[in-house]
Amino acid sequence: MSHVTLERYASEIVAQADQLRKHVTAADLAAPVPTCPGWSLGNLLRHVGGAHRWAERVVRTRSAGPVPHDQVDDVAGDDNADAAALGDWVAEGAALLAGTLRAAGPEAPVWTPAPGGTPVFWARRMLFEVVLHRADAVAAVGGTYVLDPGTAQAGVDEWMEFTVLPQVYESPEHLRALLGPGRTVHFHATDVEPGTGEWLVDLTGDAITTRRAHEKAAVAVCGPAAALLLLLYGREAVPAEGAEVIGDRALLEQWRETVSYWLRK
């Protein structure tokens with residue numbers, strides 16, 4: 001991918017982190033996050049800031065293998081602290097990551113947990129780390145979640161790439177349980193350029209495949225690209241314009257729940 005793509009993701013990481021910072025400036029860090037059960041708003045912010053610093057280390061050091069992710073997992077801290085200061089720390093981590101991504105460039109070899117192997121993988125993945133957790137913050141503090149359709153479309157693209165990877169599933173048995181005749185899921189983003197915002201998840205063969213296509217399916221999901229992204233990540237409770245589901249909702253929920261294992265492990 002090009003320098004233009006990397007720069008777009010890096011700039012958006014900074015912009016999304018700044019929006020997150022603004023959401024929480026006067027918030028109570030002890031407030032529960034309904035879309036992340038068991039987490040406070042403080043936990044959420046420490047996770048986002050830690051994730052960006054972890055990815056920055058991976059790219060900066062040109063790591064050839066997995067790097068310990070204590071920064072991502074250790075979300076404990078003082079929820080009586082100043083929310084504005086913690087928000088500033090999140091924004092600083094995003095800026096640090098963006099600078100390291102730009103310095104590395106799009107072709108530098110680096111470890112990634114899924115296919116990619118360049119800083120572009122980390123740029124997109126860490127963009128959606130903050131995009132989705134900004135939605136969680138909105139659910140915690142109130143307000144309406146708004147996301148640019150083009151950014152949301154890139155997030156759906158990433159999800160579709162992940163859904164075909166065996167490592168995102170709990171086991172081969174869970175993956176095979178999704179397969180069967182007539183089992184297809186269609187997504188249609190209604191607010192992006194025609195011909196660019198439709199995806200078909202095909203579960204009818206020996207393996208899961210996806211393709212950009214306008215085809216009839218057992219279940220169809222239509223709506224703004226941001227609504228599709230929130231649905232894929234189980235954030236329908238976030239105050240935002242929603243998506244319409246037509247057809248076999250049980251199939252949609254089974255597929256989404258099964259492919260979401262990577263988010264829970």
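Note that the structure is a prediction, hence the values are computed from the model and not measured.
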* To do: Check for a donor-acceptor pair, side chain of Ser63 on one end and backbone N or O of Val59 on the other, with a separation under 3.5 Å.
  => no

* Structure fact -> Heavy-atom closest pair (His133 atom, Glu129 atom, distance to 0.1 Å) is CD2-O, 3.1 Å

* **Between Tyr9 and Thr151, a side-chain donor and acceptor under 3.5 Å** => no

* To do: State whether a side-chain donor-acceptor pair under 3.5 Å links Asp79 with Ser40.
  => yes

* To do: Scan side-chain atoms only and decide if Thr100 and Glu56 contain a donor-acceptor pair under the 3.5 Å cut-off.
  => yes

* What orientation do Phe121 and Phe162 show, parallel under 30°, tilted 30 to 60°, or perpendicular over 60°? -> tilted

* Asked: Has Arg256 got its NZ or CZ under 6.0 Å from the middle of the six-membered ring of Trp159, at an angle within 45 degrees of the ring axis?
  -> no

* Taking the side chain as every heavy atom from C-beta outward, state whether Pro224 and Asp191 have any atom pair closer than 4.5 Å. => yes

* Asked: Is there a donor-acceptor pair under 3.5 Å between the side chain of Thr112 and the backbone N or O of Pro115?
  -> no

* **Beyond-backbone contact of Leu41 with Asp28, side-chain heavy atoms, under 4.5 angstrom** => no

* Heavy-atom donor-acceptor pair, Ser260 side chain to Leu263 backbone, under 3.5 Å -> no

* **Beyond-backbone contact of Arg57 with His69, side-chain heavy atoms, under 4.5 angstrom** => no

* Asked: Are Leu228 and Val221 side-chain neighbours, meaning at least one heavy-atom pair lies under 4.5 Å?
  -> yes

* Does the side chain of Asp157 come under 3.5 Å of the side chain of Trp199 through a donor N or O and an acceptor N or O? -> yes

* Report the C-alpha distance between Leu229 and Leu132 in whole Å, list the side-chain angles of each, state the deciding distance to 0.1 Å, and finish with yes or no for side chain to side chain contact (heavy atoms under 4.5 Å, CB included). => CA-CA 9 Å; Leu229 186 66; Leu132 270 298; 4.0 Å; yes

* **Distance in Å, Arg60 CZ paired with Leu97 CG, rounded so as to fall on 0.5 Å steps** => 11.0 Å

* Asked: After noting the C-alpha distance and the side-chain angles of Thr210 and Phe187, does the key distance pass the side chain to side chain contact (heavy atoms under 4.5 Å, CB included) rule?
  -> CA-CA 11 Å; Thr210 64; Phe187 291 88; over 6 Å; no

* side-chain hydrogen bond (donor to acceptor under 3.5 Å, both in side chains) evaluation trace for Glu198 with His186 -> CA-CA 7 Å; Glu198 296 192 69; His186 179 250; 2.9 Å; yes

* Glu158 and Arg125 ion-paired at < 4.0 Å -> yes

* Side-chain heavy-atom pair Arg134, Leu147 within 4.5 angstrom cut-off -> yes

* Taking Tyr169 for its side chain and Thr163 for its backbone only, find out whether a donor-acceptor pair lies under 3.5 Å. => yes

* Please walk me through it: do Thr258 and Tyr261 pass side chain to side chain contact (heavy atoms under 4.5 Å, CB included)? -> CA-CA 6 Å; Thr258 305; Tyr261 174 73; over 6 Å; no

* Do the side-chain N and O atoms of Gln153 and Thr196 include a donor-acceptor pair separated by under 3.5 angstrom? -> yes

* Give the C-alpha distance, both sets of side-chain angles, the deciding distance and a yes or no for side chain to side chain contact (heavy atoms under 4.5 Å, CB included) between Val201 and Thr184. => CA-CA 6 Å; Val201 181; Thr184 52; over 6 Å; no

* Of Val141, Asp136, Asn43, which meets side chain to side chain contact (heavy atoms under 4.5 Å, CB included) against Val33? -> Asp136

* Would you confirm whether Arg46, through its side chain, and Val75, through its main-chain N or O, come within 3.5 Å as a donor-acceptor pair? => yes

* Does the side chain of Gln254 come under 3.5 Å of the side chain of Arg183 through a donor N or O and an acceptor N or O? -> yes

* Asked: Taking the side chain as C-beta and beyond, is there a heavy-atom pair between Leu179 and Ile208 under 4.5 Å?
  -> yes

* Residues, nucleotides or ligands: over 12 heavy atoms within 6.0 Å of Glu193 CD -> no

* To do: Output yes when a side-chain donor or acceptor of His52 lies under 3.5 Å from a complementary backbone atom of Met126, and no otherwise.
  => yes

* **NZ/NE/NH1/NH2 to OD/OE distance under 4.0 Å, Arg124 and Glu161** => yes

* Are any of the side-chain nitrogens in Glu12 or Arg8 under 4.0 Å away from the carboxylate oxygens of its partner? -> no

* In terms of side-chain heavy atoms, does Gln71 have a donor or acceptor partner in Arg53 at a distance below 3.5 Å? -> no

* Asked: Between Pro239 and Val138, is any pair of side-chain heavy atoms under 4.5 Å apart?
  -> yes

